[in-house]
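Residue numbering restarts at 1 for every chain, and letters A, B, ... go by the order of the sequence lines. Side-chain atoms are counted along with the backbone in the values below, which use heavy atoms only and exclude waters and symmetry mates. Note that the structure is a prediction, hence the values are computed from the model and not measured.
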Amino acid sequence: MEEYNPQKIEKKWAEVWDKTKLYQTDLKSKKNKHYNLVMFPYPSGEYLHIGHGYSFSGADVYARFKKLNGFNVFEPIGYDSFGLPAENFAIKNKVHPKESTASNIKHAEKQLRSFGTMFDFSKEVVTSDSSYYKWTQWLFLKLYEKGLVYQKESPVNWCPKCLTVLANEQVINGLCERCDTQVVQKNLKQWFFKITDYAERLIKDLDKVDWPGSSVIKQRNWIGRSEGVEFEMDIVGQKEKIKTYTTRIDTVFGMTYVVLAPEHPLVLKITSKENKKAVEDYQIKSQKLSEVDRQLEDREKTGVFTGAYAVNPFNNKKVPVWIADYVIYGYGTGAVMAVPAHDERDFEFAKKYNLPIVESIAPYMKDDPRDDKETEKRDIVTAIVKNPKNNSYLCLNWKTTDWKSFPTGGTDGEDLVKAAKREVGEETGYKNLKFIKQIGDSIFSEFYRPHKDSNVFANFKYLLFELENEEKEVVAQKEKDQHEAVWVKETEVSSFISVWNQKIAWKRYKEGDFAYTDYGVVINSGRFSGLKSEEAKEKMAKWLEDKKLGGKKINYRLRDWSIGRQRYWGAPIPIIYCKKCGVQPVPEKDLPVLLPELPLEKVQPKGTGKGPLANAKEFVKTICPKCGGEAERETDTMDTFVDSSFYFLRYPSVSNNKEMMEKEVTKKWLPVDMYVGGAEHVTMHLLYARFITKALFDQKLIDFDEPFLRLRHQGMILGPDGKKMSKSKGNVVIPDEVIKEYGADTFRTYILFMGPFEDGGPWDPKGIKGIQRFLEKYWELANEVLKNQKPENPEEVIYYSKEIEETALLRIIHKTIKKVSEDIEGFRFNTAVSSFMVCLNEMLKIKSKLPFSKSSVLWKEVLEIFSILLSPFAPFITEEVWERFGNHDSIFTAAWPKYDEGLIEEEVITLVVQINGKVRDTIEVSAGISQKDAQKEALKSQKVIKYTTGKKVANSFFVPNKLINLIVE
RNA sequence: GCCCGAGUGGCGGAAUUGGUAUACGCGACGGACUUAAAAUCCGUUGGCCGUAAGGCCUUGUGGGUUCAAGUCCCACCUCGGGCACCA
């Protein structure tokens, strides 16, 4: 028999598919479309690694599955070829980026073709090609027209190694995303896209898309919406006012100082003469700090007093105004009302600089009060009694409930100390206590009391006592029945006490004050006292509005997208500076602004804050489009994320030089139906692409405002050592070697079989043998069936007889159709592959009982179905088998098989018999058996009898066609 | 610190709605074929006790709900990812 030779087969079909243009999508076709997109690669000079192979394999299985299901599938590919990696590679290898990019693309394309993907190479985009970046520039102009582009001098992230500005999204833990160099802050005039205008919609419209839940959450958190209140405070003796933003207006009565960011413009205006020197020094010092240093986790808080006082409008109290670098100028108003009692940062600062701490929120817990009952307010006091002789504390171990608590009781208007002493006496007998101090302020709790059939809204206070001597009075029997008094060692108190509010009180006592940051009941807050946080927030916001001092405000963490890069290898920003007319956009008709061909030595950035284009005199020098006078071009290039924010819009129109998006074809093909790529792009590319889509939608250039309807991520493939692949670790695996040895079919099937698609994991070359064996077995079976395709005597053929084996053959293939269809739709490729193996193993078993001579027609049919099912994973081998079976058209023009529910259903099923929840036997019964009959059958089993003799079946639970659980006593 | 996600054999992993835990594959062991090896084929393979029949235990740990828990609830531990002085 002819051996399976993947190299030969794959070479043959790659050529045939290319020649017949099988994967060139007719974009004008009326058929149902499916736009299947993969994130296009970065041809940086490395080979496409195994991770690309993973991503493309998964996406391609889905694309082929859709094609077989009758969709007109478009699976384009291109190259994200502008940018730092490509440029750095070129500089390092002393090749011009233009040349290196071209050769890298050539190599990448060769690799891509070897993967056996159905990419439509005829509609390729190359972002560094002027035919593409013309549209990058056009996009810039469109946003510019609508005021979504602006230029601002501001501190920006500067990578001292890449010598360029980076977007917020490109700074990872304070390091440059590309080269891991520590990023510093630099003041530069920069171009920004106003993505913050879209913050709300970018959050809201996440509801519209089918994306992995974790990615939706990640993007939401990145945008960081927060609801709060903004209000103004007077400054004593000055005209200026301080505007502040807070999400916790309910804590405002606890404000004991105000902090401004050091760079806040108000700082110098309000600083008093005596404090001027210190404030200025501090400002200079903090300006020098890099973003990283400023964000270091355990950095101690620092700050200085300005000498000014602000007035809390709620209680007209004067509070000192400080500056400190823990307040960020770019967020909110750059000014914070500091409430040390209820904010950890303010607390730390207040402790360090001895600022007062005032509680305005008391802990509160709603402990299942009943809505239908009255609520009574009660003041309650808890005594924490210390025995100084042995360092233990007086506690109660309750007999009537599972409480473990300190002595506690109502005050009934009595003095707190007196009431506490009385309670301790009644409950435990101890009568000589010395009052030490009160611990914290109130804690509230609302709960239902069964013995009085009412709710209590309790106000707990906590007093600390020391035991003077062990003298006791008699404890009433009634008390003794309820609880016993025990002395608990200090170290064990916190685990002993079970009552939540006493746990908090104990923590306060032992660890001293801490910031209580949860919601609760507002206290010490004048007319707002007694309200719960949620209510107080509403009423306080309303109060501010009425007084015209402020009101509700929503803030976002998201910053505008800085898009200028001081590097060579990118799309020039189409802007002209005219001395007379100022900043002028390049007119559309003059696009593209061609990237000048600089010699390699001039490509290298100098770090002057200006990019290499500034050295290209003939490029810089131009004329003003408005007045025709002498003018200069902008020399920054655009961030590559601008290039990739619209490439999916360009693919269908790639052959059109007049329009970025051809109307008809765009309307038909977009948005993207399925997008496959890494989760690392969630807060960058995917966010930018959504923003650009919405901006174009608002200009009525497209009629949809979400670009990617469905999104799936592939996991990361790690090196065989379990570490992230990197050249320096020497653990990079490239798919070429694997494909050369085993073929693309085996590679694709294996990499998808390794585990769940979204998980990834270490590349383990050992397991690939299993897939190789599987494909070989399939190949052999198919060829054997083929050999027996035409029986000598056609009369001998029994077609669909009732032979058990035939039924079994049909059953297994139909089961497999169902399973594989569902698994591919759900991106569960690993289990789909496993069911192929189950199916093949079953077929081989049947084969030994069902000779070909009798049923070759059925065998052929089954093998054809199996081939179609397998073809998305292993396109080459299945295409070859398909052809050998006498089909003239490609297998990918075939129809995906439908399964017959009736054929899947078993006639005899294996029923699990449990006795008291433990599996004791399995019995063969006919499908659809009733509970009664099942029980009867089960009780016949010898194994079951063993457990049931002399016992009564008290109950039974039945899961039809699965299980029966008999309860015997 | 906060927000996600995950812990299942020697390994990768499976288990639809709570219903036979360990499918499928790798590896390992035993056997067949072979002068031999590779390849291939057949068998065994969660742990413990037992000659066996069989029994007991087992999905990170500890509790709970249930006739029944990998799956649901509570607490904790470990790992991975994201955010991180965002007021």
K.L.:
For nucleotides 62-67 of chain B, just jot down a letter per nucleotide in 5' to 3' order: B, S or -, based on protein non-hydrogen atoms under 4.0 Å.
P.N.:
-----B
K.L.:
Quick test of your reading of the model: are A:Arg248 and A:Asp518 salt-bridged, counting only N-O distances below 4.0 Å?
P.N.:
no
K.L.:
Among B:rU20, B:rA84, B:rC24, which is the nearest nucleotide to the side chain of A:Arg557?
P.N.:
B:rA84
K.L.:
Which nucleotide in the set B:rA87, B:rC4, B:rA15 lies at the smallest distance from any side-chain heavy atom of A:Val336?
P.N.:
B:rA87
K.L.:
Looking at the side chain of A:Thr922, which of B:rA87, B:rU20, B:rC24 is the nearest nucleotide?
P.N.:
B:rU20
K.L.:
Closest to the A:Phe753 side chain: B:rC4, B:rG25, B:rU20?
P.N.:
B:rG25
K.L.:
Below 3.5 Å between N/O atoms, which protein atoms pair up with nucleotides 55-58 of chain B? Just atom names and distances, please.
P.N.:
{"from": "B:rG55", "atom 1": "OP1", "to": "A:Tyr947", "atom 2": "OH", "distance (Å)": "2.6"}
{"from": "B:rC56", "atom 1": "OP2", "to": "A:Arg920", "atom 2": "NH1", "distance (Å)": "3.4"}
{"from": "B:rC57", "atom 1": "OP2", "to": "A:Lys918", "atom 2": "NZ", "distance (Å)": "2.9"}

K.L.:
With a 4.5 Å limit on heavy-atom distance, are the side chains of A:Phe827 and A:Glu758 in contact?
P.N.:
no
K.L.:
Under 4.0 Å, counting only non-hydrogen atoms across every strand here, what does A:Asp346 touch: a base, just sugar-phosphate, or nothing?
P.N.:
nothing
K.L.:
Would you classify A:Asp759 as touching base, sugar-phosphate or nothing, given that sugar-phosphate means primed atoms plus P, OP1 and OP2, and contacts are heavy atoms under 4.0 Å?
P.N.:
nothing
K.L.:
Looking only at side-chain atoms of A:Thr910, point me to the closest of B:rU20, B:rC85, B:rC26.
P.N.:
B:rU20
K.L.:
Nucleotides 78-80 of chain B: which of its N/O atoms have a protein N/O under 3.5 Å away?
P.N.:
none

K.L.:
According to the Watson-Crick and G-U wobble definitions, with both distances under 3.5 Å, which nucleotide is paired to B:rA15?
P.N.:
none
K.L.:
Given A:Tyr750, which of A:Phe774, A:Trp763, A:Phe873 fulfils the ring pair (Phe, Tyr, Trp, His ring centres under 6.0 Å) condition?
P.N.:
A:Trp763
K.L.:
Base, sugar-phosphate alone, or nothing: which one does A:Val838 contact when heavy atoms must sit under 4.0 Å apart?
P.N.:
sugar-phosphate
